[in-house]
Trainee: 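I am attaching a structure below and will ask some questions about it afterwards.
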Amino acid sequence: MQPQYLFTEIEQRAQQYWAEKNAFAAKLDGKKPKYYCLSMFPYPSGKLHMGHVRNYTIGDVLSRYHRMQGYDVLQPMGWDAFGLPAENAAIQNKVPPAKWTYDNIAYMKKQLQSLGFAIDWSRELATCKPEYYKWNQWLFLRMLEKGIAYKKTQTVNWDPVDQTVLANEQVIDGRGWRTGAVVEKREIPGYYLGITQYAEQLLADLDKLPGWPERVKTMQANWIGKSIGVRFAFIHDIRDTMGNLIDDGKLWVFTTRADTIMGVTFCAVAAEHPLATLAAQNQPELAAFIEKCKQGSVMEADMATMEKEGMDTGLKVLHPLSGEQVPVWVGNYVLMSYGEGAVMAVPAHDERDFGFAKKYDLPIRQSIAIEGAAFFSDAWVESYGDKSKGVCINSGKYDGLRYEAAVDAIAADLAAKTLGEKKTQWRLRDWGVSRQRYWGCPIPIIHCDACGDVPVPDEQLPVKLPEDCVPDGSGNPLNKLAAFINCDCPKCGKPAKRETDTMDTFVDSSWYYARYASRFSADAMVDAETSQWMPVDQYIGGIEHAILHLLYSRFWSKVMRDMALVSYDEPFANLLTQGMVLNHIFSRRTDKGGIEYFAPEEIGLIYDANGKIEGAKALADGQPVDFQGMGTMSKSKRNGVDPQSLIEQYGADTARFFMMFAAPPEQTLEWSDSGVEGSHRFLRRVWNFAHTHKPHSASLHLAVDWASVTRVIKTQRREIHLALKQANYDLGKQQFNTVASACMKMLNALETSIDVADTAGDNNTFASMFVIAEGFSMLLRLLSPICPHITHTMWRELGYGDDILTAFWPVPLEAALVQDEIEMMIQVNGKLRASMTVAKDADKANIEQLALSHAGVQKYLEGVSVKKVIVVPGKLVNVVVG
RNA sequence: GCGGCGAUGGUGGAAUUGGUAGACACAACAGGUUUAGGUCCUGUCGGGGGCAACUCUGUGGAGGUUCGAGUCCUCUUCGCCGCACCA
């Protein structure tokens, strides 16, 4: 055995061994339980970052742990390979996106392999390969047949930087999720997937996911946004300039508070509403206001702080139940994209309407009697809008009804007049998947002048994307590619044109997990193996995908299920959202007023007397820099750490250990160079221990008479087993930082040198050798999921076996855990006062007696009487006095 | 505004779920090994008081339940994340 811990050599040899043995090929033998462990696949951006290392280390620890627990494990890896960065790189470097992507994949694959992940590489896939995206196209056509996919022209979110349409989910605060550019509204035809048809299921089935974090489920539920209410119409006789009745003389609105319908004093419509457009035609002031609203609505970020503003259109509509005339206002707080783009306004029972009415001096009519709030003051009181504590008043025949009864009665009356009905309104809208981009999956449609939009026949799939295009930044290069565009109509055979839009890349990632399982199926999207492996037992990835990717994947699964392609309802049984990797941010204001960032290695920290960080200075000029605390690793802040240099300097095992040790998986992880060194120090100590003490497997065959072994050795053994017990408990909680701690505790216990008589054949010497060999073999196995290379090597060198992968998972022995004597704490009135050692089988009365007579306790008993004594077996005694 | 999560030493974080708070590390300090630096080893390390045995205090804050609370309940402050005029 080498005296030094030569990690580079150790890791390369271990990786070579696994590759030669094909050690991680996933196979189901039907006898063992299956465990499908999936980490979100990376976008091949160029090289791995620390977030990847963390993500995949968590997955690998779980995979290796379950494998040793006796599961058949599938841990695949692939590439989310379509997408815009490839096009942007192509524009810059004049290289086809395909080449850029494949080069990146090759490099990043090497990086992943150098980290020693137990991945079944035979199942590797890239979404930009025709063999994969063929099935995107195939399923899209099936969805088209079922009416789940359809084409429509709609106002869409247009990202002016990426020159493409964005789904609503991809617009964040009015800006493109990737570019941050202010999104414009455009009228563009495109294909949509009817995710709203599944809204109810997507919401309800969240309850089938106990293994998901609460906040992710909440975010999805909010996103789906179900509200139950009544859709009804005000009646009018408003005609456009041609004399045509607008919307058949009905102003439709949606409300969740139909019980307040008799309190309506006006209606408010969105700026884009037809009635607003009409009214603006001869009212320049109104037209100007509407224009202002429309511009404002693009900047959704400002909406939150925006003052409620509005303007009277002069138009009047009739209340469907009271027949009263109601004025129609344009309100900047009414959204065209939600509900009907118009609302009934009840200032007495809606906070927004209240503010609006106050501002414009519109009538406020109370229609609900609120418990404990008889009088309506000038200021809004929260209970005015509380549907749970009121009955209808001033509402004619509905007076005295509570919320539910009132809604039922009102909905029934509206229905009788065919002017309304109960309705469930969703915030979720259909998923627009057309993208005016090149580097994506072609939408399999052919446009024929005679036949219209014709689906590409199955036998012509895949519609292959040419891989040699170099985009120049001016839109989609497919539009200029005659060889791609020109084709024959599958229906009539006449010359026709191919659709050049490609699919949103979220389509690619919506089902890749199912394809890993059926990776070798050539003539079907998925085969029987998918049903055997699915659902994913553990999915691991960033919280940033809490809505988009996870919602789309759930939707896609349900579509595939309804087409009888798969049998599961939900694709991911358990979800772990790993925390981000942070590092210090150092910056300085430049003379020009900008901010200059410093990389951590360019900085020296200044400590105060207590060792607290006081400040920092730049190594280059010795001048102070601002220490901004921790932030996500990013290029712009210059606080990223390159995994590659970490692996080269310390090895993959150190990188993996640090990642697991520094924080629990769900929490943010703060980078620390000294923490990395500490992790490396630990692994070196493990190696040194093995080299110095030779805890060889042969020692496990020594015959030990445990009854006569010294207490010191027994305690040492107990500590090791105790740490293992804790670690196994923590593994169940997926709390890996304390598993790493337990490894350190075990080594600490092993290193407690035991002074035993150095006589050959002495029982204590044997016991000590046994304890060390036993403990070290347990340490190696416990550590192996986190640090597979060093443990693989030592397992073999110390003769424990050929391959630690096939070793059984260590469990603590009861015999090693029991103590002859137990230390018990003694409390008086809940305060810790003394401790004592009692025999393990001492009974309660005995313990009570010992505690009360304890010298450290006696002084607290003077002048008071003992009221009660509580004995917690094995732990403590509490003497209650008074 | 709504929803979710969190607050424990100088720092990252433990506390087997109501039973010895601060495990395991990092940093710092002191000492040893070393020609020196690094490595490595030993010790100290929440705060106050005491020469000491010890003692008081302590998990953002205020109450409460309990023999006993970091953990449960109520209120409150601050921080992070998500959604946000959703009718």
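Chain naming here is simple, since letters A, B, ... match the order of the sequence lines and numbering starts at 1 in each. Computed from a predicted structure; not experimentally measured.
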Trainee: Of all the nucleotides listed (B/A14, B/C85, B/U20), which has the minimum atom distance to the side chain of A/M825?
Mentor: B/U20
Trainee: Which of the following nucleotides, B/C40, B/C67, B/U20, is nearest to the side chain of A/L832?
Mentor: B/U20
Trainee: Tell me which nucleotide, if any, is Watson-Crick or G-U wobble paired with B/G12 when both distances must be under 3.5 Å.
Mentor: B/C24
Trainee: Check whether the side chain of A/N878 and the base of B/C67 form a donor-acceptor pair under 3.5 Å.
Mentor: yes
Trainee: Mind checking if A/P213 touches a base, just sugar-phosphate, or nothing, with heavy atoms under 4.0 Å?
Mentor: nothing
Trainee: For B/A7, what is the paired nucleotide under Watson-Crick or G-U wobble rules, both distances under 3.5 Å?
Mentor: B/U77
Trainee: What contact category does A/Q667 fall into here, base, sugar-phosphate, or nothing, at under 4.0 angstrom with non-hydrogen atoms?
Mentor: sugar-phosphate
Trainee: Assign A/N688 to base, sugar-phosphate, or nothing according to its heavy-atom contacts below 4.0 angstrom with the strands shown.
Mentor: nothing
Trainee: What distance, rounded to whole Å, do you find between the two C1' atoms, one in B/G70 and one in B/G22?
Mentor: 11 Å
Trainee: Is a salt bridge present between A/R231 and A/E340, judged by a nitrogen-to-oxygen distance below 4.0 Å?
Mentor: yes
Trainee: If I pick the C1' atom on B/U59 and the same atom on B/A15, what distance separates them, to the nearest angstrom?
Mentor: 11 Å
Trainee: I'd like to know if A/E200 and A/K226 make a salt bridge, using a cut-off of under 4.0 Å between side-chain N and carboxylate O.
Mentor: yes
Trainee: Start with the C-alpha distance between A/R427 and A/Y338, add both sets of side-chain angles, then the distance that settles side chain to side chain donor-acceptor pair (under 3.5 Å), and finish with yes or no.
Mentor: CA-CA 7 Å; A/R427 205 189 88 107; A/Y338 183 78; over 6 Å; no
Trainee: Working to the nearest 0.5 angstrom, can you tell me the gap between A/I410 CD1 and A/K422 NZ?
Mentor: 11.0 Å
Trainee: Pairing check on B/C45: which nucleotide meets the Watson-Crick or G-U wobble criteria with it, both distances under 3.5 Å?
Mentor: none
Trainee: Select one nucleotide: of B/C67, B/A25, B/U39, the one nearest the side-chain heavy atoms of A/R684.
Mentor: B/U39
Trainee: Regarding A/K733, tell me which of base, sugar-phosphate or nothing describes its non-hydrogen contacts under 4.0 Å with the strands shown.
Mentor: base
Trainee: Side chain of A/L876 only, heavy atoms from C-beta on: which candidate in B/U20, B/A87, B/U57 is closest?
Mentor: B/U20
Trainee: Could you work out which one of B/G82, B/U17, B/C86 sits closest to the side chain of A/L335?
Mentor: B/C86
Trainee: Could you check whether A/F682 gets within reach of a base, just the sugar-phosphate, or nothing at all, counting any heavy atom under 4.0 Å?
Mentor: nothing
Trainee: Assign A/R231 to base, sugar-phosphate, or nothing according to its heavy-atom contacts below 4.0 angstrom with the strands shown.
Mentor: nothing
Trainee: How are the rings of A/Y650 and A/H680 set relative to one another: parallel (under 30°), tilted (30 to 60°) or perpendicular (over 60°)?
Mentor: perpendicular
Trainee: Could you tell me the Watson-Crick or G-U partner of B/G1, where both distances fall under 3.5 Å? Say none if there is no partner.
Mentor: B/C83
Trainee: Which heavy atom in A/A406 sits nearest to a heavy atom in A/D259, and how many Å separate them?
Mentor: CB-CB, 3.7 Å
Trainee: Any idea which of B/A87, B/A27, B/C85 is nearest the A/N332 side chain?
Mentor: B/C85
Trainee: Would you mind classifying the nucleic acid contact of A/E340 as base, sugar-phosphate or nothing, using non-hydrogen atoms under 4.0 angstrom?
Mentor: nothing
Trainee: Across the strands shown, which category fits A/G678 at heavy-atom distances under 4.0 angstrom: base, sugar-phosphate, nothing?
Mentor: sugar-phosphate
Trainee: Mind checking if A/Y860 touches a base, just sugar-phosphate, or nothing, with heavy atoms under 4.0 Å?
Mentor: sugar-phosphate
Trainee: Could you work out the separation of B/C81 and B/G9 based on their C1' atoms and round it to a whole Å?
Mentor: 27 Å
Trainee: Look at all strands and tell whether A/Q726 reaches a base, only sugar-phosphate, or nothing, counting heavy atoms closer than 4.0 Å.
Mentor: nothing
Trainee: Would you call B/U66 syn or anti, using the 90° rule around 0?
Mentor: anti
Trainee: Taking any strand in view, what nucleotide pairs with B/C51 in a Watson-Crick or G-U wobble way, both distances under 3.5 Å?
Mentor: none
Trainee: Categorize A/S679 for me: base, sugar-phosphate, or nothing, with a 4.0 angstrom heavy-atom threshold over every strand shown.
Mentor: nothing
Trainee: Output the single nucleotide from B/G19, B/G3, B/A14 whose closest atom is nearest the side chain of A/T218.
Mentor: B/G3
Trainee: For atom P, what is the distance between B/A21 and B/G58, given to the nearest Å?
Mentor: 12 Å
Trainee: I'd like the C1' distance from B/C86 over to B/C5, given in whole Å.
Mentor: 24 Å
Trainee: What nucleotide among B/C26, B/C67, B/A87 has an atom nearest to a side-chain atom of A/S227?
Mentor: B/A87
Trainee: Specify the glycosidic conformation (syn or anti) of B/G9, with syn defined as within 90° of 0.
Mentor: syn
Trainee: Could you work out the separation of B/G4 and B/A69 based on their C1' atoms and round it to a whole Å?
Mentor: 25 Å
Trainee: Are A/F689 and A/H691 near enough that their ring centres are under 6.0 Å apart?
Mentor: no
Trainee: Roughly how many Å apart are B/U11 and B/G47, using the P atom of each and rounding to a whole number?
Mentor: 12 Å
Trainee: Which is true for A/K217 with a 4.0 Å heavy-atom rule: it touches a base, it touches only sugar-phosphate, or it touches nothing?
Mentor: nothing
Trainee: Closest approach to the side chain of A/V880, judged atom by atom: which nucleotide of B/C67, B/U16, B/A87 is it?
Mentor: B/C67
Trainee: Between B/G82, B/A87, B/U20, which one does the side chain of A/V334 approach most closely?
Mentor: B/A87
